[in-house]
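Only heavy atoms go into these numbers, but all of them, side chains included; no hydrogens, no water, no symmetry mates. Just so you know, these numbers come straight off a predicted model, no measurement behind them.
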Amino acid sequence: MPATITEAGSRLRDGSLTSEMLIDAYLKCIRHLEPKLRAFITITEQQALADGRALDTELRAGKDRGPLHGIPVVYKDNYDTADVPTTMGSELFRKRVPREDATVVRLLDTAGTVMLGKTNMNELAAGGPGGYNKFFGTTRNPWHPDYESGGSSSGSAVAVAAALCLGGVGTDSGGSIRGPASRTGIVGIRPTFGRVSCAGVFPRAPTLDICGPLARTVMDAALLLSAIVGFDSADPHSLRAPREDFMVGLAQGVHKLRLGIIDDFTFRNIDSEVSAAVGDAVEKFAELGAEIVRVKLPSLEGDVIQRSVTNVLLYEFNKVFGRDYRAASPQALGPVVHSDMAIASHINQEDYDEALSERQIFTLQLNAVFGQIDALLTPTMPTVAPLIAAPDLSGRHRQFTLPFSFAGLPALSVPCGFNAIGLPIGLQIIGNTLQEGMILRIAAAYERVTGFYRRRPPLHCGESVSRALLP
């Protein structure tokens with residue numbers, strides 16, 4: 001089985017592999033590992049095989065759609081997919097079948113990808129323990145199935161980490177791409193707010209939501225992101241920013257770049273193993289020629305930002321879903337959604353407006369800091385993945401992701417180490433507005449010299465498994 005999109009693309013073009021063969025192998029791997037991982041809600045087997053055959057015919061005829069031609073991917077189950085159920089991980093929407101594709105689905109289809117299925121997620125992308133879903137089962141971490149997978153884009157991250165596909169997409173309001181990427185040892189990127197269309201994606205919090213890729217490597221993430229950025233009139237928050245090829249400049253390295261460590265934040269309230277891994281990453285960047293700069297962001301020194309972004313998220317969730325919630329049977333929704341809506345009912349317009357004012361103050365502080373540096377560094381998560389049976393500490397787990405969601409900045413998670421029992425640790429790299437290329441470049445430089453992406457979890461569809469499953 002090819003390990004990356006780039007490797008698969010080479011083999012598809014030299015004739016040693018076809019898309020149909022690749023899809024068939026992945027589907028067999030899914031059937032083998034899905035009972036242990038619970039990464040999928042819907043598997044689109046027949047459609048995937050038919051699409052693969054059609055794309056193989058195109059390639060033989062000389063029609064090459066580009067680097068994603070024939071590449072199997074997965075979609076978080078809050079992306080609308082025409083004639084395929086889109087449940088949002090909720091019993092309330094179990095039988096919902098959209099008529100049209102979300103914009104991201106359409107763009108990736110045009111680029112030549114093949115959908116293997118719709119992936120599991122925290123119900124309605126709500127908070128709570130990562131990967132928990134009352135109705136479709138809790139998604140398991142392939143590094144150790146007793147530990148959380150991260151959420152809410154849990155299924156997409158697990159499918160990528162366990163090599164059940166070559167890439168996937170999720171959504172991120174407060175950390176729902178970066179968190180699962182960190183927990184499962186892969187790359188996940190939250191683009192600038194509005195850089196990727198959310199049209200056709202179920203909203204969690206409209207001024208925070210964004211779509212983005214999950215992949216094994218930085219290069220694969222760059223390929224996927226390049227295919228989905230762009231203005232979309234169907235999304236009221238879409239930016240009129242130019243399309244961009246994020247492969248350009250990916251190999252430039254970090255020499256003379258200025259990378260910021262935030263005083264009283266980057267290393268505050270984190271586990272010792274996370275601190276050690278992130279500290280080693282900072283030293284590695286210095287060895288590669290980057291200048292490490294200490295910066296201050298006063299808004300991050302207390303809990304004001306955490307409280308403000310939570311108020312915005314839950315207030316907006318209540319606005320978009322409150323009517324449906326109050327009309328639904330209580331049994332049709334899980335405990336985390338009930339908890340979120342109970343809290344949201346006490347957040348009023350004044351609280352929301354105050355939070356938006358805090359967002360403006362924080363944005364001004366960030367603008368000043370980005371006048372001095374090229375990117376910021378923090379852990380993605382303050383801890384390694386907790387046990388699924390452990391108390392819910394998800395509020396704490398988002399301490400590094402929420403603030404930069406609030407500001408709408410691009411941020412990614414890249415693996416930076418493992419703890420004593422082999423659970424992954426993620427490094428978060430945050431850029432200024434529209435600087436996805438910069439943070440991908442920084443992550444790629446780090447990935448090249450560390451090679452953490454080469455490690456495979458115990459639950460993984462590697463060569464030995466796929467060979468045993470193939471006829």
Point to revise | Test item: side-chain donor near acceptor, Ser154 and Arg140, under 3.5 Å | key: no
**Study point:** Test item: Asp146 side-chain N/O and Ile388 main-chain N/O as donor-acceptor pair under 3.5 Å
**Key:** no
Check your understanding: Is any NZ, NE, NH1 or NH2 atom of the basic residue among Asp80 and Arg96 found under 4.0 Å from an Asp or Glu carboxylate oxygen of the other?
Key -> yes
Exercise for review: Quick one: closest heavy-atom pair of Arg454 and Arg216, and the distance?
Suggested key: N-NH2, 4.3 Å
Review point. Is a side-chain N or O of Trp143 found less than 3.5 angstrom from the main chain of Pro458, in a donor-acceptor match?
Key: no
Review point. Which heavy-atom pair separates Gly137 from Asn120 by the least distance, and what is that distance?
Key: O-ND2, 2.9 Å
Review point. So, Ser153 versus Lys76: side-chain donor-acceptor pair below 3.5 Å or not?
Key: yes
Check your understanding: Should the ring pair Phe202 and Phe93 be called parallel, tilted or perpendicular, given that the plane angle runs from 0 to 90° and is split at 30 and 60?
Key -> tilted
Point to revise | Six-ring centre of Phe404, Arg190 cation under 6.0 angstrom, axis tolerance 45° | key: no
Review point. Mind checking whether Leu124 and Leu333 have side chains closer than 4.5 Å, heavy atoms only?
Key: yes
**Study point:** Value rounded to 0.5 Å, distance of CZ in Arg11 from OG in Ser16
**Key:** 4.5 Å
Check your understanding: Do the non-hydrogen side-chain atoms of Arg38 and Thr138 ever get within less than 4.5 Å of each other?
Key -> no
Check your understanding: Are the charged groups of Asp280 and Lys284 less than 4.0 angstrom apart, N to O?
Key -> no
Practice item. May I ask you to establish whether Arg204 and Phe317 are in a cation-pi arrangement, using a distance under 6.0 Å from NZ or CZ to the six-membered ring centre and at most 45° from the ring axis? Key: yes
Point to revise | Basic-acidic side-chain contact under 4.0 Å: Lys134, Glu123 | key: no
Check your understanding: Do side-chain atoms of Asp77 reach the backbone of Thr87 as a donor and acceptor pair under 3.5 angstrom?
Key -> yes
Check your understanding: Do you know the tightest heavy-atom contact between Gly253 and Ala445?
Key -> CA-CB, 4.0 Å
Review point. Are the side chain of Arg456 and the backbone of Tyr453 linked by a donor-acceptor contact shorter than 3.5 Å?
Key: yes
Practice item. Check the surroundings of atom CZ in Arg243: do more than 12 heavy atoms from other residues, nucleotides or ligands lie under 6.0 Å from it? Key: yes
Review point. Judged by atom type as modelled, is there a donor-acceptor pair below 3.5 Å linking the side chain of Thr192 to the main-chain atoms of Arg195?
Key: no
**Study point:** Sidechain-backbone polar pair: Ser182 side chain, Gly426 backbone, donor-acceptor under 3.5 Å
**Key:** yes
**Study point:** Asp209 (side chain) donor-acceptor with Thr171 (main chain) under 3.5 angstrom
**Key:** no
Point to revise | Nearest-0.5 Å distance, CG of residue Leu412 to CD1 of residue Ile439 | key: 4.0 Å
Exercise for review: Give a yes or no answer on whether the side chain of Thr217 reaches the backbone of Asp220 with a donor-acceptor pair at less than 3.5 Å.
Suggested key: yes
**Study point:** Worked verdict on Thr81 versus Thr86 for side chain to side chain donor-acceptor pair (under 3.5 Å)
**Key:** CA-CA 7 Å; Thr81 43; Thr86 300; 3.3 Å; yes
Study note, to complete from the structure: Closest heavy-atom pair, Asn419 versus Ile425, reported as atoms and distance to 0.1 Å, is N-CD1, 4.0 Å
Review point. For Gly150 and Pro180, which heavy atoms make the closest approach, and how far apart are they?
Key: C-CG, 3.7 Å
Review point. Is any side-chain heavy atom of Arg326 closer than 4.5 Å to a side-chain heavy atom of Asn318?
Key: yes
Review point. Would you find a donor on one side and an acceptor on the other, under 3.5 Å apart, between the side chain of Glu244 and the backbone of Ser226?
Key: no
Review point. So Ser197 and Asp232, side chain to side chain donor-acceptor pair (under 3.5 Å) or not? Walk me through it.
Key: CA-CA 6 Å; Ser197 174; Asp232 180 15; 2.6 Å; yes
Exercise for review: With side chain to side chain donor-acceptor pair (under 3.5 Å) as the test, would you mind laying out the steps for Ser329 and Gln331 before giving the verdict?
Suggested key: CA-CA 5 Å; Ser329 163; Gln331 290 74 35; 2.7 Å; yes
Exercise for review: Look at the side chain of Glu7 and the backbone N and O of Ala3, then say whether any donor-acceptor pair between them is shorter than 3.5 Å.
Suggested key: yes
Check your understanding: Roughly how far, to the nearest 0.5 Å, is CG of Leu440 from CD of Gln435?
Key -> 11.0 Å
Exercise for review: Answer yes or no: is there an ion pair linking Arg396 with Asp271, defined by an N-O contact shorter than 4.0 Å?
Suggested key: yes
Study note, to complete from the structure: When every non-hydrogen atom of Leu214 is compared with those of Val169, the smallest separation belongs to CD1-C, 4.2 Å
Practice item. Show the numbers, then the answer: is there a side chain to side chain donor-acceptor pair (under 3.5 Å) between Gln428 and Thr401? Key: CA-CA 8 Å; Gln428 182 177 221; Thr401 58; 5.9 Å; no
Point to revise | Salt-bridge present (Arg94, Glu91; N to O < 4.0 Å) | key: yes
Review point. Is the number of heavy atoms from other residues, nucleotides or ligands within 6.0 Å of CE (Met219) greater than 12?
Key: no
Review point. Is there side-chain contact between Thr42 and Tyr75, with at least one heavy-atom pair below 4.5 Å?
Key: no
Practice item. Answer yes or no: is there an ion pair linking Asp83 with Arg99, defined by an N-O contact shorter than 4.0 Å? Key: no
